[in-house]
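Only a predicted model underlies this, so the values are computations on that prediction, with no experimental measurement involved.
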Amino acid sequence: MDEAGRVAIVGAGPAGLFTAAALLAQAPDLSIDIFDRLPTPFGLLRYGVAPDHASIKAVATTLARVFDAPGVHFLGLVDVGRDVTPDELHRAYDAVVYAVGAADDRHLGIPGEDLPGSRSARQFVAWYSGHPDAEPQPLAGVRDAVVIGVGNVAVDVARILLKDAAALSATDMPDAVLAELQRAEIEHVWLVGRRGPEHASFTTPELRELLETPGIGVTLAGVDPAAIDPETLERHARANVAAIAAAVAMSPEVAPRWLHLAFWHRPAVLRGDDRVRAVRLEPTGAGAEADGLEVPADLVLRSIGYRGVPVPGLPFDDGRIPNLEGRALELDGSARPGEYAVGWIKRGPVGLIGSNKKDAAETAAHVLEDLASLPRRRLTDLDARLAARGVTPSTFADWRRIDAAEIGRGGIRGRERTKIEAWHDLLDLVRHDA
């Protein structure tokens with residue numbers, strides 16, 4: 001099998017698994033090792049898609065088929081850059097593809113951003129998705145929440161905050177997350193965008209799902225949809241503006257929970273002493289109120305974009321591994337033969353999960369093209385080096401054990417699955433024979 005080449009893929013999320021599938025489609029005899037620092041594959045499909053979006057999460061079933069290939073192996077609990085260096089991988093494999101995503105987020109850079117109660121939407125999503133690294137997100141005393149951003153992540157976060165927790169009880173949310181949401185008494189959620197609804201990056205289905213959340217009223221500030229000429233808009237923008245206008249027109253006068261949409265505004269300062277208490281929104285366009293808005297807030301979640309994180313030993317610039325169509329480059333633009341990038345670490349944190357398929361096909365094509373001329377590398381003691389560092393990779397069989405345990409937990413609760421979010425529980429399942 002080695003005659004066809006040995007490839008390492010770092011990151012078992014959608015980008016990495018789409019790349020493995022694209023490689024196998026053209027070279028089924030390849031040996032592919034897929035590394036991840038977690039014992040669970042699927043990346044953002046598991047830890048970034050909203051729990052009530054089961055149809056999207058089902059893509060994981062399709063992606064898991066790459067592990068059916070005899071030459072594909074999952075090596076979880078290996079943190080590349082810490083447990084093994086990129087140079088060691090480069091010497092052990094004919095090609096190394098980095099699919100490490102974007103694990104950090106952007107900051108507002110305004111006064112008060114560091115107050116307690118001001119958090120990252122990324123962290124909030126990780127919490128309700130059951131990521132083992134997620135910090136608890138207490139909601140006690142939160143009645144007014146402000147979400148900064150108008151992308152799909154912001155829309156998901158706003159919907160989770162506004163949705164009746166009973167409607168989430170059938171999802172795979174961890175028990176502790178459901179319990180916290182059930183205790184919450186959120187009454188108002190503001191969704192703030194610095195431009196108009198026609199410029200927002202949320203998709204129409206996601207927006208409609210938020211606007212149609214049962215039991216909410218909808219208000220609109222900063223823009224008059226009737227003043228936007230639909231003939232000047234692309235189809236999705238026209239549909240978004242129409243959906244917002246319809247939701248506001250049909251909103252009840254009295255509701256237990258409210259969604260407040262504020263366009264053409266940006267946060268200028270978060271106010272509070274011991275914690276955030278309010279957000280000052282300043283106008284950014286001619287259609288906004290001249291004096292801006294002062295919005296009460298017990299919780300502020302910024303959702304203004306993700307950022308890539310450097311991998312020690314690899315070049316890094318502006319949140320990405322420098323590359324040309326997936327072929328990794330040095331900072332000076334020279335080539336790094338045998339090293340590649342795919343997904344958000346390649347193109348930046350843009351696009352939906354499906355966007356990774358085309359992106360992966362491009363990178364995979366270059367890998368296959370280059371394999372014929374790349375020197376065969378054979379650092380044969382990689383396993384021994386990992387063992388000497390106290391690193392024992394988990395396997396796909398270990399993931400199957402975690403998967404079965406989650407399904408079992410869900411069955412007890414009348415649910416399809418309940419996420420296992422604690423590191424010690426995950427490791428107990430991995431090390432069942434230890």
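Take D33 and apply the side-chain contact (heavy atoms from CB on, under 4.5 Å) test, not counting sequence neighbours, and it matches R6, F35, H73, L75, Y93. Not a single side chain to side chain donor-acceptor pair (under 3.5 Å) links R194 to another residue, sequence neighbours left out. Every residue meeting the side chain to side chain donor-acceptor pair (under 3.5 Å) condition with R277, not counting sequence neighbours, appears here in chain and number order: D274. Remark: N152 engages F202, T203, E206, L352 in a side-chain contact (heavy atoms from CB on, under 4.5 Å) (not counting sequence neighbours). D370 pairs by the salt bridge (Lys or Arg N to Asp or Glu O under 4.0 Å) definition with R327, not counting sequence neighbours. H366 meets the ring pair (Phe, Tyr, Trp, His ring centres under 6.0 Å) test with no other residue; sequence neighbours excluded. Scored by the side-chain contact (heavy atoms from CB on, under 4.5 Å) test, P138 finds R119, E180 as partners (sequence neighbours excluded). Taking the side chain to side chain donor-acceptor pair (under 3.5 Å) definition, one finds that R400 meets it with nothing, sequence neighbours left out. Residues satisfying the side chain to side chain donor-acceptor pair (under 3.5 Å) criterion with R347, sequence neighbours excluded, are N356, D359. Every residue meeting the side-chain contact (heavy atoms from CB on, under 4.5 Å) condition with P174, not counting sequence neighbours, appears here in chain and number order: V177, K419, E421.
Sorted pairs that involve residues 144-180 and meet ring pair (Phe, Tyr, Trp, His ring centres under 6.0 Å), not counting sequence neighbours, are lacking altogether. Applying the side chain to side chain donor-acceptor pair (under 3.5 Å) test to pairs two or more places apart or on separate chains, those with a residue in residues 231-254 are T204-N240.
No salt bridge links R401 with D428; every basic N to acidic carboxylate O contact stays at or beyond 4.0 Å.
In this structure, the side chain of D36 engages the main chain of A12 through a donor-acceptor pair within 3.5 Å.
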task = Check the pair R389, E88 against salt bridge (charged side-chain N to carboxylate O under 4.0 Å, His left out), reporting the backbone distance first and the verdict last.
result = CA-CA 14 Å; R389 294 165 189 166; E88 287 171 326; 2.6 Å; yes
request  = Could you please spell out the steps behind the ring pair (Phe, Tyr, Trp, His ring centres under 6.0 Å) verdict for W399 and F42?
outcome  = CA-CA 11 Å; W399 155 244; F42 310 125; 5.8 Å; yes
